[in-house]
Amino acid sequence: MIEVLHLGKRYRKVEAVSDLCFQVAPGQSYGLLGPNGAGKTSTLRMLSTLVRPSSGTAKVAGADLLLEPLQVRANIGIVSSGMRVADRLSVRETLEFFAALYRLGPRTKPRLDWAASWLGLGEVMDRPVRELSTGMRQKVVIARAILHEPAALLLDEASSGLDVLARRALLDFVTAYREAGHTVLYSTHAMEEAQEVCTAAGFLHQGRLIWQGPVQEAVAAFGSLERAFLERVR
Amino acid sequence: MIWALAKRDLLSALRERRTLVLTLLLPLLLIPVLAYAPALLLGSTVSGGLRAAQPVAIQGAPKGLRKLLLAERLRPVNTPDPAQAVRERRFPAGLLVSGRSVTILGRLANEVSLSSLAVQKLRSALRAYRRELLRSALRQRGLPAGLLHPFALRVVDLSSPAARRAGPLAFLIPYFLLVFVQLGGMGVAIDGTAGEKERGTLEALLAAPVRRSQIALGKFTATWVMSALATLTGLLGLLLGGALLGLAGSATQLTGRLSLSLSSLLGLLVTALSFAALSSAVQVALALRSRSYKEAQSALAPLQLITLLPALLLELAGFLHPAAWWSALPVLNTLLSLERLILGRGQLGPLLLTWSTTLAYGALALRSALRSFQREEVLFRN
């Protein structure tokens, strides 16, 4: 469960996010949609405790952003477009390293096997990350985010730069992860992706949430999420 | 947790051939080469020059003097204008005798040259010639030759055996060691901070359930370990080089040779490793503030020059009287302690002051790095 309560972020004179409120229940996938610069990345960075909110707060799987940042980080997995893993290590070494950070202990091996089989990394586990294709590297980034099977998965433009096959694998994975009962927050400017994988969505424009509701409702009213967004912005 | 973070950075660094060469191989090979080779080369050139006979342009030299010139391994050649001949580099040196006036001619802008060697030989021949003339004058007046030597002069070197062994290395080794301590950690410090920011790998670390202070300490530990490895390989190179020179019986009086007692070696290690802690903390703090690998390299490069200044001061140490508080001055205290240990003059008091102040400065730098790890404008600056 993600509960966002009047969240705001200001960078000096720029108000990146203002008075943001929404909820994402377990088994739900919430699309945070908007053009570049709408405040999506700032929101996800706040929710993953990478940056501190200027106002408001949020709870992720019961842990408060401001009061329990370590617990929040333990409850989430985050994948963003610019996120990479050390490319001189093998996939296995990378995942074992993150397993240690998530204190998986004796669960490390089964969790590695689980993530590898879910994302199809089995054959490349002992290869250095630098030898992998962009799509496979992104899978390693995702694998490290879900190793501890987080209650909430946060994705920020995660399909950016991926080819058609890798993108398809990512979207299928997101759907499967939600269907397994987890909470997914999917931030993107690609409306058609959100329409496919999200159950609910919020339109973010100039740092403010201008609409939110079930994806089916928006599609029923406007034909597509993109048209719904454009109608709201105009 | 800190070690897990450091181990990942170390593993990543050790898989990079460039880092391996720069950190481990370079100090092992380059420190002994830098320390011993120039002096050995100079030594063999000088001794070759001493053995060979240099031609000298002469004018008006009497027969007796010519004989002495030959004895000094000089080859006198009668030349109409010795000054012009030396200026035109046809001869390394010249001699002009005109009545009671004797002039030695040379090109002495560079102290270490064939010309200065020939001038030295000319001086020596002329001293012998003067003695001969005086002896003959005394004989003619029926006076004893002993009048020329009213007393016997003897110079005794009372410096410690360690100081005599080390020779010029006592000044060179501390500087080289500090340079390699810094070089050793630099790659890891930059790669683990600015490099991680640039590549986008830092964000994944920051999103993991570890404290930022732990991440900072992990980066510091990895940097320190590489600095320590560079220190150890550098020292090993010096000791092995010194041992090989000793075995080969080479001209170690010219180069000096590192040979330490166990206590001095331990002191040297603790001094270098505590400096490695300071250097690593400063490198991590500075590199983290940089946006990219290149920017971090530019930020860290001046650190080597900061080491050079006190090292130059160390060369004058023989003329200075270092006060006790000098052992509290960063970098200079380390250089002084290293020099004293190499010379066999390490004392526990100044050493303890050096170690504690160096570690204290390191702690301050580390605190600055820890603070930077809390600042989002630093972490997401790229």
Side-chain angles (χ1 to χ4, degrees), chain A residues 9 11-12 41-42 44-54 63 68-90 93-104 128-130 137-138 140-145 147-148 150 153-154 156 161, chain B residues 1-20 187-188 190-219 221-222 226 291-293 371-382:
Chain A
K9 181 68 184 175
Y11 298 103
R12 292 191 183 154
T41 297
S42 291
L44 265 73
R45 280 186 169 172
M46 283 189 280
L47 291 176
S48 53
T49 75
L50 292 175
V51 299
R52 202 177 162 80
S54 307
E68 305 153 280
L70 276 181
Q71 192 54 49
V72 169
R73 292 205 283 273
N75 291 347
I76 62 158
I78 180 166
V79 177
S80 72
S81 61
M83 199 176 263
R84 304 279 181 274
V85 290
D87 61 2
R88 288 174 215 141
L89 304 188
S90 71
E93 286 167 340
T94 301
L95 297 183
E96 280 174 351
F97 166 67
F98 280 99
L101 298 191
Y102 285 101
R103 295 174 175 83
L104 294 185
V129 172
R130 73 165 105 190
R137 284 184 199 205
Q138 185 72 333
V140 180
V141 173
I142 297 170
R144 73 123 267 285
L147 264 184
H148 55 302
L153 181 63
L154 280 53
D156 182 21
Chain B
M1 190 55 69
I2 292 168
W3 178 242
L5 288 155
K7 202 174 117 188
R8 173 249 197 190
D9 280 11
L10 284 169
L11 204 59
S12 199
L14 291 172
R15 296 221 170 125
E16 186 71 18
R17 195 174 299 169
R18 188 183 51 178
T19 313
L20 266 181
V188 184
I190 296 177
D191 202 59
T193 51
E196 288 230 47
K197 277 203 271 183
E198 196 174 18
R199 292 190 303 271
T201 52
L202 188 62
E203 207 171 317
L205 261 189
L206 295 171
V210 285
R211 292 181 196 284
R212 292 196 176 162
S213 56
Q214 290 177 311
I215 298 176
L217 287 171
K219 304 281 176 204
T221 306
M226 288 304 273
R291 287 181 184 85
S292 64
Y293 200 100
R371 280 188 173 181
S372 293
F373 263 93
Q374 306 293 340
R375 292 174 57 196
E376 47 197 66
E377 68 269 27
V378 172
L379 293 174
F380 299 102
R381 191 175 266 172
N382 65 334

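Per chain, numbering begins at 1; letters A, B, ... match sequence-line order. What you see is a predicted model, and the numbers here were worked out from it, not measured in a lab.
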Under 4.5 Å from any heavy atom of chain B - which part of [X]:
| X | result |
| --- | --- |
| Ser81(A) | neither |
| Phe97(A) | side chain |
| Thr94(A) | neither |
| Glu93(A) | side chain |
| Arg130(A) | side chain |
| Ile78(A) | side chain |

Contact part of Asp191(B) toward chain A, heavy-atom cut-off under 4.5 Å: side chain, backbone, both or neither? side chain
Whether Glu376(B) and Arg52(A) form a salt bridge (side-chain N of Lys/Arg under 4.0 Å from carboxylate O of Asp/Glu) is what I want to check. no
For each of Ser48(A), Pro128(A), Ala86(A), Gly77(A), tally heavy-atom pairs with chain B at distances under 4.5 Å, and name the one with the top tally. Ala86(A)
Between Leu205(B) and Leu101(A), is any pair of side-chain heavy atoms under 4.5 Å apart? yes
Out of Gln214(B), Arg15(B), Lys7(B), which one racks up the most heavy-atom pairs below 4.5 Å with chain A? Arg15(B)
For the residue pair Met1(B) and Ala100(A), what are the closest heavy atoms and their distance? CE-O, 3.4 Å
Shortest non-hydrogen contact from Glu203(B) toward Ser80(A): OE2-OG, 3.4 Å
Just how far is it from atom CZ of Arg199(B) to atom CZ of Arg84(A), taken to the nearest 0.5 Å? 11.5 Å
Please round to the nearest 0.5 Å and tell me the distance separating atom CZ of Arg73(A) and atom CG of Leu206(B). 7.5 Å
Using only atom types and a distance under 3.5 Å, with no angle test, would you say the side chain of Arg8(B) pairs donor to acceptor with the backbone of Leu89(A)? no
